[in-house]
Each structure stands twice: as structure tokens, then as C-alpha cells.
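Along the sequence shown, the residues carry numbers beginning at 1.
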Amino acid sequence: MARNLFGGTAADVAEDASGVRVPGIIGTIWDGPTDGATRITDLLQPDGTPTTVITADVYGMIPEFRGPQQSPEKLYVDFGGGIKTAILASDVGDRFAGHLGASDPHGTKASVLAEINARVGAPGGLVPLGIDGLVPAQYVPSQGPPTASVSAFLAMPAPAYIAHRGSGMEFPEHTMAAYDAALTSGVRAIEVSVNVTADGIPVCVHDQTLDRTTNATGPVSDWVYASLFNAVTVQPKQILGNGWSPQPLPNLRDVLDRFLGKVVIFLEAKSNEAAPIVQNILQTYYPSANQSVVWKAYYKSPTFATMRSRGFTTWGYIDDVTSDADLTTYGPNIDIWGIPHTMTATRMQQIVSRPDQKKVICWEVHRKSQRDTLVGLGVWGMMCAQYKWVSSTKQILKKDNWLTQVKAPGDMGRTFYSGVRDLKYDGTGWAYMDVTGDAVLIGSCSIPEFPAAGYRVTFEMKFDGTVPTNEHAGIAFGKADDSSYQFGSANPAGGYHMAFRGNGDMQLFTHTAGATSGTQLATAATAAPVANQVMSFQVDVTPANVKITRTDVTPNVTVTSTNTAYRGGYIHLTGGSVSSLANRPRWRKLTVNAL
């Protein structure tokens, strides 16, 4: 390696210990600035004559010389007094320019090129550019190849889940919050509905009007996108609780950019105006969308032929009374049948058993008991409005979360997507209903499998007003599934209910599936309730008996039954027979624990 050149520049001066430039002064060269440095004597004058020292010229400048054979780029010169001053090689720039201009300065060019070429097109490697020098469309992340494909989804065993409106009875429907939460919960497919604004921008919303789900009114098509974007938000509080904040209304491009390829999307244009706009967006900007998007529409939609010609899988949903003749007529352009949950079991089986052997998806599914019935009928897919609840297998909460004012998975009334019969929260931990004579499933705290030693339920209850002596409220429990419950109605599943009356009577009833009247098992007299007075109760369900105890009175009052007919772990709050909202019951501090 050539020796580096030092000296000969305006920065190279010879100075004594006081910093004064001294002509003719003799200096020694060292490899470092400290006292422990090693002196270097392997030096050459410009003509190649060996030397061990350097001598300043008549101007006190350091003349050119070449450093040692090891070619360091920095040396230290001492002109007396033990002070060693750094001096840099003056030819570094020239050498670096030559290095950069060399074809293979390190001798590794061939091996590096071979390694890079081996990574082009390999999994996790590099993208091969097209002949135009651009990244081919199939390698653009938003366009291809998806990690979640329709073909893989269709190969799943029953029950296959789709998050209806993004699981819209657990999260604000058709919002990024819902879609994100559904994916985090593990769902493999989501439903996305689209309407368009007056200026043709597709936004994700189920209804063609804004009234039900947002802070605005009127048709989506009456709004320009800029106004909608700045003024309209989804309002989930009525359905999901006051703990939820308003959510933005997403546009379709935002949703596709974030989720396409990460989850199968059942995509529906909800109006005639929306359909061609959505189709054009898919074709123009997402050329491989057919790998992870299912085109969803009413079975008579004329859009199916076009989308199937573009390679999309299609899902056509039908009515309760759609005839076999219509299924045969429209079936060639439909890959999957969609059936409503209101369809009779007999008709569902007929659709499942058709000769075309198409997969069948039911919408909308809210309960595990509903899912189990559908699977028994041969239905493959469940479009779930409460995916997290329906797919759960364990107790979610041991105590209620009502203080947060946010609906927990599995807490539901008998109607959906309106909020009328859903549980309400007052912000201090109390939960209540805005309707009389109804009940709400508290699935979040329910125990799906009966524990070996049983379980205990504790809660507090109060009435807003003075309850007539014979009216009552309480809880229903012991039910084997999560089907709905209502006092005085023929319920799908049997169980027990605790009735606390306006005269203070605490009663234990059993109710049989399909029967409208319950059977009293035990009763005990306690102090009558007083308006807004907090009462506390404990319910024990063991393999041998059922025991209810009022714990806010002294001594405690207990009723017990040895009836063992029902040992399920599903629990409802029930307004029982209280007839006026002025006297409505409220509950708080619900806990459910295995014994």
C-alpha cells in the first residue's frame, strides 16, 4: 500500500511550545498525541530519501513528506516541548476519489451482485422491476398478493365468521374502530357497506340515510363529501353506551388501503348509484382485489355478471320467501347464498340441500345459541353482529364494567341496531333499561360451562320509585344457553328467575322452555324496598341446590330449593313485572365467580 503524503499545505505549520512559527525548526513524528505514543522514524522525503525527522522551511511551513509504510491518515508532530500536534494526510481526497472510481475497489463486487440477484423475487426478498423500470402492480402492497384470500376463507370449516358491519353491535358499525377491533379479535372476514355522496365519493355506511347512526339527517346522497367529512360523525352511544365517543365516517378508499389483503371483505354497494363507482374503483386502483373481496348484493342484482367476469366471488342474499325457481334463474352468477335469520328452519335446510351445493351464510347472528342452531341445519357461514361474543368460549368478565359506560361483549337486549332495548348506564356504576317488562343478557359475566362446585352471583339492586306490592324485578339465571329471556313469555330455554316484589317478598321460580308461566320453588318475606334504597343479594347455584340470600338486612334472609333441573351459567337482568319507568329497577356491582 502506498505511503500517504503529508505537509505542503497552508494548514501545515511548524510552531514551538509557545505557538510561534519557527523557520528551520526540527520536528519528530509520532503515532499519537499522548506521552505513551510511539515515535515514527520510517519517513521519506519527496524524492524518496529516507529520513527520521522533518525540518521546517524558511517560512516556518512543514514541507511535503511521506508517512510510514502502514499508511496512517493522521500523524502527530512535536517541534519541542512535548506538545504533539495532529497533521492530516494531504492526498486523502485524491485517493478517495480514485477509490470511488474503481470498478471493484474491495474485490467483492461479483459476490455481492450474486447475493442481490438471488434475492430478487424470492420470498421476503427484493421486488424485480418491470421492463419500464417500475414496480409491477402485483407487488404493490395494496394490490396483491393478499395474505387473506377468498379461496382460503371458503376452505374453512363451519362455522365461518364474517363481522357484520364490522361487528356493529360490539363496536360502532362501519367505522375504522369497528374494522380494526374485528381484526384484532381474530375475525377472518368483515362486511363493508357503501353509499355515495352527491359528488360521487363512496363512504362506508349501511343506511342510505344518516339519521340512525350519525349526528346528521337526510340521505347520504344529499351531502357533498367535504361537508360530510367535516360535519358528520358516527354516534354509537345509544347502542353501545355513553362511554363511546363519536367516530369518523370512513370513505371506501381508506378502508381498502388499510384492510385489503389483510382480511376478506364482503363488499356491498347499497344503491344503484354506488355500484358503478365502487366497481370502477376496484378495477382502476385495486386490480387484484378479486383475490380477497367478495362482491355482495341482493340476488337479483345485475352487477353479478360483471363482477364474476372480473374474477370476483359473489354472495347473493335472498328473502324468506324467495322461490326455488328464482334461485335456479339467478344462481349461475352467484357463488354463495345469503339467508336471513328470520327464515324458517325448514327453508334453511332446503337451501343448504340444493343440488348446486353452494355454501350458505346466514345474517345476522348475535347469539351462540343461534349459531349452534344454524350449524345444526347445515349453514356454513355466520355474518355476526357480535363476533367477539359468538366466537368466545370462556367467561369474559368476573364483574361488570358498567362504570365505564361501554357495552361489553355478550350484553344484549332482544332487539338490535336500535338501542331501544339495550342496557343503559348512568355513569356511577348503575345499569338500567329504558323499557318496562324486559330483560338483558349479561353474557360478559356468564359462565358457559357449569363449574364443578357451582357458581355465585352477587349484585346490588334498587328501585327509582315506590313499587306496587305485587310487582317485581330481579335476575334470571341457570340458563343453559344465551337465548333471550322475558318474564311471562314462552322462552326458548328454561332456567330460574329471582323475583323481588314491592312488598319485600323474595321468590325463586323455575321457568320451562316454551311455557309462559313460571313455577314457584321457594319464597321468604323481607323488608319492603324503599325508593332509591340500595339492596344486596347473593345467589348460589351448586350441584345440590339453589340458594338466594338478601344480605343488606340483619339477619340475612335466605330461600333455598333442591331443584336441579337447570345448571347453566347464563344470566339476565330482568325488569320483571314493574310497569312504570318511574319505578324502574337498577343494578350494579354484579359479580359471577366459580365456587
Side-chain angles (χ1 to χ4, degrees), residues 369 395 397-400 410 439-461 470-501 503-527 529 535-553 555-577 585 587-595:
S369 52
Q395 183 184 26
L397 295 172
K398 295 184 183 298
K399 60 181 180 180
D400 70 69
V440 172
L441 170 70
I442 308 300
S444 60
C445 294
S446 297
I447 301 179
E449 298 293 334
F450 186 72
Y455 61 88
R456 170 173 293 169
V457 182
T458 64
F459 63 95
E460 293 182 352
M461 188 172 77
N470 199 43
E471 291 186 355
H472 63 80
I475 68 168
F477 60 97
K479 298 173 72 63
D481 63 38
D482 67 346
S483 58
S484 62
Y485 168 81
Q486 187 179 19
F487 172 75
S489 298
N491 296 296
Y496 303 102
H497 62 263
M498 168 253 187
F500 188 79
R501 297 188 182 275
N503 65 359
D505 285 353
M506 185 172 64
Q507 300 171 314
L508 173 64
F509 288 82
T510 181
H511 54 270
T512 304
T516 58
S517 299
T519 301
Q520 183 173 294
L521 299 177
T523 184
T526 74
M535 302 170 290
S536 57
F537 300 91
Q538 176 178 299
V539 179
D540 290 329
V541 183
T542 70
N545 57 52
V546 178
K547 181 171 65 174
I548 301 174
T549 304
R550 181 174 175 183
T551 56
D552 66 292
V553 294
N556 295 169
V557 178
T558 298
V559 295
T560 303
S561 171
T562 57
N563 182 285
T564 59
Y566 304 106
R567 287 300 180 271
Y570 289 94
I571 298 164
H572 292 73
L573 307 181
T574 169
S577 63
W587 298 261
R588 74 174 180 185
K589 297 184 180 179
L590 175 73
T591 70
V592 184
N593 290 284
L595 292 172

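The shortest non-hydrogen separation linking Ser536 to Glu460 is CB-CG, 4.1 Å. Heavy atoms only, all atoms of each residue included: Ser446 and Ile571 are closest at OG-N, 3.1 Å. Considering every non-hydrogen atom in both Ala452 and Pro543, the closest pair reads O-CG, 3.3 Å. Of all heavy-atom pairs spanning Lys479 and Ala493, the tightest one is NZ-O, 2.8 Å. For the pair Asp400 and Leu590, the tightest heavy-atom approach, listed with the atom from each and the gap, is OD2-N, 2.7 Å. Scanning both residues, Val559 and Thr523, for their nearest heavy atoms gives CG1-C, 3.5 Å.
Judged purely by distance below 3.5 Å, without hydrogens or angles, the side chains of Thr562 and Asn545 never pair a donor atom with an acceptor atom. A donor atom on one side chain and an acceptor atom on the other are not found under 3.5 Å apart for Thr519 and Thr510. A donor and an acceptor atom, one from each side chain of Thr542 and Asp540, are nowhere located under 3.5 Å apart.
Contact annotation: the side chain of Thr458 never approaches that of Lys589 to less than 4.5 Å [non-hydrogen atoms, C-beta and beyond]. Val546 has its side chain out of reach of Asn563: every pair of non-hydrogen atoms, C-beta onward, lies at least 4.5 Å apart.
Atom CE of Met535 sits about 7.0 Å away from atom CG of Asp552, to the nearest 0.5 Å. Taking OG1 of Thr516 as the start and CD of Gln486 as the end, the distance is 11.5 Å to the nearest 0.5 Å. In this structure, CD1 in Ile442 is found 13.5 Å from OH in Tyr570, a value given to the nearest 0.5 Å. To the nearest 0.5 Å, the span separating CE on Met498 from CE on Met461 amounts to 5.0 Å. From Ile548, atom CD1 reaches atom CG of Leu521 across 9.0 Å, with rounding to the nearest 0.5 Å. Here the NZ-CD distance, from Lys547 to Gln538, works out to 7.0 Å after rounding to the nearest 0.5 Å.
A donor-acceptor pair under 3.5 Å is formed between the side chain of Asn491 and the backbone N or O of Ser489. The main-chain N or O of Gln507 is never found under 3.5 Å from a side-chain atom of Arg501 such that the two would form a donor-acceptor pair.
Aromatic ring centroids of Phe500 and Phe537 lie under 6.0 Å apart.
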| Can His472 and Phe509 be said to form a side chain to side chain contact (heavy atoms under 4.5 Å, CB included), step by step? | CA-CA 12 Å; His472 63 80; Phe509 288 82; over 6 Å; no
| request: Check the pair Thr591, Lys398 against side chain to side chain contact (heavy atoms under 4.5 Å, CB included), reporting the backbone distance first and the verdict last. | output: CA-CA 6 Å; Thr591 70; Lys398 295 184 183 298; over 6 Å; no
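Crowding of Gln520 atom CD: a count of heavy atoms from other residues, nucleotides or ligands under 6.0 Å exceeding 12.
Classification of the Tyr455-Phe450 ring pair by plane angle, with boundaries at 30° and 60°, yields perpendicular.
A ring pair (Phe, Tyr, Trp, His ring centres under 6.0 Å) with His511 holds for exactly one of Tyr485, Tyr496, Phe477; it is Tyr485.
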